[in-house]
Amino acid sequence: MTIIKINAITVPADNGDELARRFAARAGAVDDAPGFEGFELLQPTDDRTTWLVITRWADEESFQAWSTSPAFAHGHRSEAPQDGKPAARPVGLSSELWSYAVAGGSAS
């Protein structure tokens with residue numbers, strides 16, 4: 001049964017573009033993880049500052065295996081200083097992980 005993991009990230013309004021840039025730089029990093037079914041980054045279209053990272057997994061075990069893998073740790077590490085510049089600061093103020101099972105919907 002497919003499970004949905006949603007990481008709700010609160011981002012100051014002026015940091016949204018940077019969040020999107022960082023996700024674009026990691027595009028495809030999770031695609032080959034066993035049990036991974038899909039990914040979406042949702043940008044708010046109103047005054048909210050919470051972005052949603054939605055991933056779909058074949059089962060909880062697949063998600064847990066990925067979230068404890070070296071690939072996950074590498075993708076979620078703080079960016080190291082480069083060329084004498086300070087390390088990149090975190091973009092988000094906070095995040096919360098939500099978990100759901102698909103209870104209904106349509107084929108499209």
### Task
Mind checking the CG-CZ spacing from Leu97 to Phe63? Nearest 0.5 Å is all I need.
5.0 Å

### Query
Atom OG1 in Thr50, atom CD in Gln43: separation rounded to 0.5 Å?
12.5 Å

Please find the pair of heavy atoms, one from [X] and one from [Y], that lie closest to each other, and give the distance.
X     : Y      : answer
Leu41 : Ala20  : CD2-CA, 4.0 Å
Met1  : Ala101 : SD-CB, 4.1 Å
Gly16 : Val11  : N-CG1, 3.7 Å
Gly92 : Ile9   : CA-CG2, 4.0 Å
Ser62 : Pro34  : CB-O, 3.4 Å
Phe39 : Arg56  : N-NH2, 4.1 Å

### Task
Would you sort out whether Lys5 and Ser99 count as a side-chain hydrogen bond (donor to acceptor under 3.5 Å, both in side chains), showing the intermediate values?
CA-CA 5 Å; Lys5 296 294 184 175; Ser99 184; 2.9 Å; yes

### Task
For Tyr100, check ring-ring contact (aromatic ring centres under 6.0 Å, His included) against everything at least two apart and list the hits.
none

### Task
Check for a donor-acceptor pair, side chain of Asn15 on one end and backbone N or O of Val91 on the other, with a separation under 3.5 Å.
yes

### Query
Does CG belonging to Asp46 count more than 12 external heavy atoms closer than 6.0 Å?
yes

### Query
What do you reckon, is CG of Asp17 surrounded by more than 12 foreign heavy atoms closer than 6.0 Å?
no

### Query
Where do Glu96 and Trp98 land on the side-chain hydrogen bond (donor to acceptor under 3.5 Å, both in side chains) test, with the steps shown first?
CA-CA 6 Å; Glu96 185 176 355; Trp98 304 336; 3.2 Å; yes

### Task
Any chance you could lay out the side chain to side chain contact (heavy atoms under 4.5 Å, CB included) test for Leu42 and Ile54, step after step, and finish with the verdict?
CA-CA 8 Å; Leu42 303 183; Ile54 300 175; 3.3 Å; yes

### Query
Can you hop from Leu52 to Leu93 via hydrophobic side chains spaced under 4.5 Å?
no

### Message
Are Ile6 and Trp51 connected into the same hydrophobic cluster when the rule is that any two of I, L, V, M, F, W, Y join if their side-chain heavy atoms are below 4.5 Å apart?
### Response
no

### Evaluation steps, side chain to side chain contact (heavy atoms under 4.5 Å, CB included), between Phe23 and Val53
CA-CA 10 Å; Phe23 270 92; Val53 181; 3.5 Å; yes

#### Entry: Centroid-centroid distance, Phe36 to Trp57, less than 6.0 Å
yes

